[in-house]
Structure formats: structure tokens, C-alpha cells
Amino acid sequence: MDREKIEQGIKLILEGIGEDVTREGLLETPQRIARMYEEIYGGLSMSPEEHLSKTFSSDNQNMVLEKDITFYSTCEHHLLPFYGKVHVAYIPNGKVVGLSKLARTVEVFARRPQIQEQLTDQIADALETYLGCKGVMVMVEAEHMCMTMRGIKKPGSKTITTAKRGDFLLKPELVQEFYQFVRS
């Protein structure tokens with residue numbers, strides 16, 4: 001990331017809204033925001049492969065589900081946060097991955113400016129690609145600050161997106177089992 005460009009951009013935004021960039025409370029704001037951006041957009045320089053490449057042999061062919069993975073992301077349309085929970089399931093095909101790696105994969109994609117629909121698909125595609133599993137299902141439930149603090153101003157409203165791959169497209173009973181586990 002180019003910290004200097006970020007700092008210059010933040011100064012321009014502050015000036016553009018009529019702020020005095022030399023006042024005490026704002027003096028270091030451009031630097032703070034540049035450091036924050038390195039953290040919250042760190043997924044731009046990461047690949048899910050680094051987390052999903054370490055697998056373990058397993059004869060298990062039943063659903064593995066990690067639910068309620070908290071995430072924070074940024075809407076690419078307004079650069080405002082959206083946040084919530086991700087539920088990830090896959091059907092192993094001879095190998096499994098450490099459970100923390102599922103949450104790390106969510107983080108890789110959540111730490112990028114984007115839309116929720118894309119986030120959901122990216123997680124599903126990465127699991128399908130790197131694990132070679134028989135099926136994948138991902139559900140993302142999120143509240144979008146662009147809907148709650150501006151525009152329509154409807155706090156508490158949630159957007160739900162899903163992505164299904166492989167056996168989850170072919171076997172409706174797996175989808176029902178997924179929803180049952182998520183609700184429990």
C-alpha cells in the first residue's frame with residue numbers, strides 16, 4: 001500500500017468537508033487512517049491458498065460446518081463497513097483443513113473493499129478450488145452501514161447471501177441440514 005497517497009487523500013477529504021487539517025485533533029489523522037487501511041484492507045495482498053494448502057487426510061465424508069465466524073468488511077460503493085457472521089460448510093473428499101483455516105479464509109476476502117455477494121462467492125470458490133471438496137455452502141448475514149447510517153436509515157436490517165457448489169447443488173437434504181445446523 002502507498003501510505004503517502006492515502007495520507008494525501010485523507011487530507012484532501014478533510015479539507016473538502018471544510019475541516020482544518022492543522023487543528024490538534026486532526027494533525028495525525030491521515031497517518032492513523034493510513035495505518036488502519038493497511039490492517040482493514042490487508043486481504044488485498046493475501047491469498048486463501050496460504051491457509052487452505054495445509055490439509056490432513058480423512059475418510060470423513062460428512063459435512064464439516066464452521067458457523068458464526070464474525071467478520072468486518074467494507075462496501076466498495078460507499079467505503080462504509082458491513083459486518084456480521086459467515087457460516088461455512090464443506091463435504092470432504094479425502095482431506096480436511098484445520099478449522100481456524102476456514103476463519104482465516106473468510107478474513108482474506110473480508111479485508112478487501114467489495115460487495116457481500118462477491119465475498120460469499122469468493123469464500124465458496126476458494127474452498128472448492130483448494131480443498132477439492134465434494135461440496136461447499138457459504139451463508140453470509142450482514143448489516144451494512146450504508147443502509148443504517150445514511151440513505152434509507154434502517155438499522156438492524158440484514159442482508160443474507162448464499163453460495164452453493166457441488167453436492168449442495170445436487171442434494172437438497174444437505175442444504176436443509178446446513179440450515180438446521182446454522183439455526184441450532
Side-chain angles (χ1 to χ4, degrees), residues 1-54 66-88 97-131 136 138-163 182:
M1 287 196 194
D2 188 332
R3 269 193 188 189
E4 190 175 314
K5 274 189 179 180
I6 295 169
E7 290 174 19
Q8 291 169 0
I10 296 304
K11 282 181 186 176
L12 287 173
I13 290 169
L14 290 170
E15 289 171 351
I17 64 171
E19 269 291 357
D20 174 7
V21 295
T22 63
R23 78 174 169 85
E24 182 183 14
L26 293 177
L27 277 175
E28 296 178 20
T29 296
Q31 294 84 5
R32 279 192 294 271
I33 291 178
R35 287 191 307 272
M36 177 186 70
Y37 280 5
E38 287 178 333
E39 180 182 344
I40 67 174
Y41 297 127
L44 289 166
S45 61
M46 297 169 62
S47 167
E49 183 176 16
E50 65 187 89
H51 303 297
L52 297 174
S53 61
K54 174 91 170 124
E66 184 77 20
K67 72 178 195 170
D68 295 330
I69 302 168
T70 300
F71 80 95
Y72 300 91
S73 193
T74 306
C75 167
E76 66 185 25
H77 297 145
H78 299 98
L79 292 182
L80 286 172
F82 68 96
Y83 55 91
K85 304 282 185 185
V86 177
H87 315 289
V88 177
V97 68
L99 296 176
S100 70
K101 305 307 183 194
L102 298 175
R104 291 185 191 282
T105 299
V106 168
E107 284 298 301
V108 166
F109 295 115
R111 293 182 180 268
R112 301 174 180 190
Q114 65 182 307
I115 60 174
Q116 181 175 331
E117 297 87 342
Q118 179 179 331
L119 171 65
T120 309
D121 281 338
Q122 288 173 329
I123 296 165
D125 291 342
L127 292 174
E128 184 177 48
T129 298
Y130 296 110
L131 296 183
V136 175
V138 176
M139 182 167 91
V140 178
E141 302 176 77
E143 184 167 339
H144 292 248
M145 295 304 289
C146 59
M147 288 262 309
T148 63
M149 70 181 285
R150 60 153 304 278
I152 192 79
K153 295 182 182 130
K154 296 296 178 197
S157 62
K158 288 193 178 166
T159 301
I160 298 174
T161 52
T162 60
V182 168

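Residue numbers run from 1 in the order of the sequence given.
- In this structure, S157 contributes its side chain and K154 its backbone to a donor-acceptor pair below 3.5 Å.
- Side-chain contact check for Q116 and T161: at least one donor-acceptor pair (N or O, by modelled atom type) lies under 3.5 Å.
- Inter-residue side-chain proximity for D20 and L26 is flagged as unmet; no heavy-atom pair is nearer than 4.5 Å.
- Among pairs with a residue in residues 1-50, those fulfilling ring pair (Phe, Tyr, Trp, His ring centres under 6.0 Å) read Y37-Y41, at least two apart in sequence or across chains.
- Aromatic ring pairs are classed by plane angle as parallel below 30°, tilted from 30° to 60° and perpendicular above 60°; the pair F71 and F82 is perpendicular.
- The shortest heavy-atom contact between I10 and P30 is CG2-CA, 3.9 Å.
- Between K5 and M1, the closest side-chain pair of non-hydrogen atoms is not below 4.5 Å.
- Side-chain N or O atoms of R111 include one that pairs as donor or acceptor with a backbone N or O of E39 at under 3.5 Å.
- Looking only at side-chain heavy atoms (C-beta outward), M149 and L80 come within less than 4.5 Å of each other.
- A distance-only check finds a donor-acceptor pair linking the side chain of H87 to the backbone of D68 [under 3.5 Å].
- A salt bridge links R3 and E38; the closest N-O separation between the charged side-chain nitrogens and carboxylate oxygens is under 4.0 Å.
- Looking at L102 and L127, their side chains come closer than 4.5 Å, going by heavy atoms from C-beta outward.
- Of the possible donor and acceptor atoms, one in the side chain of S73 sits under 3.5 Å from a partner among the backbone N and O of A110.
- Under the 3.5 Å distance criterion, the side-chain polar atoms of Q114 are matched with a main-chain donor or acceptor of L119.
- Taking the side chain as every heavy atom from C-beta outward, V97 and K54 never approach each other to under 4.5 Å.
- In terms of the side-chain contact (heavy atoms from CB on, under 4.5 Å) criterion, residue partners of T148 (sequence neighbours excluded) are, by chain and number, E143, M145, P155.
- Between V86 and M139, every side-chain heavy-atom pair lies at or beyond the 4.5 Å cut-off.
- Side-chain contact between K11 and Q8 is absent, with no heavy atoms from C-beta onward closer than 4.5 Å.
- Side-chain contact check for T105 versus P48: some heavy-atom pair is nearer than 4.5 Å.
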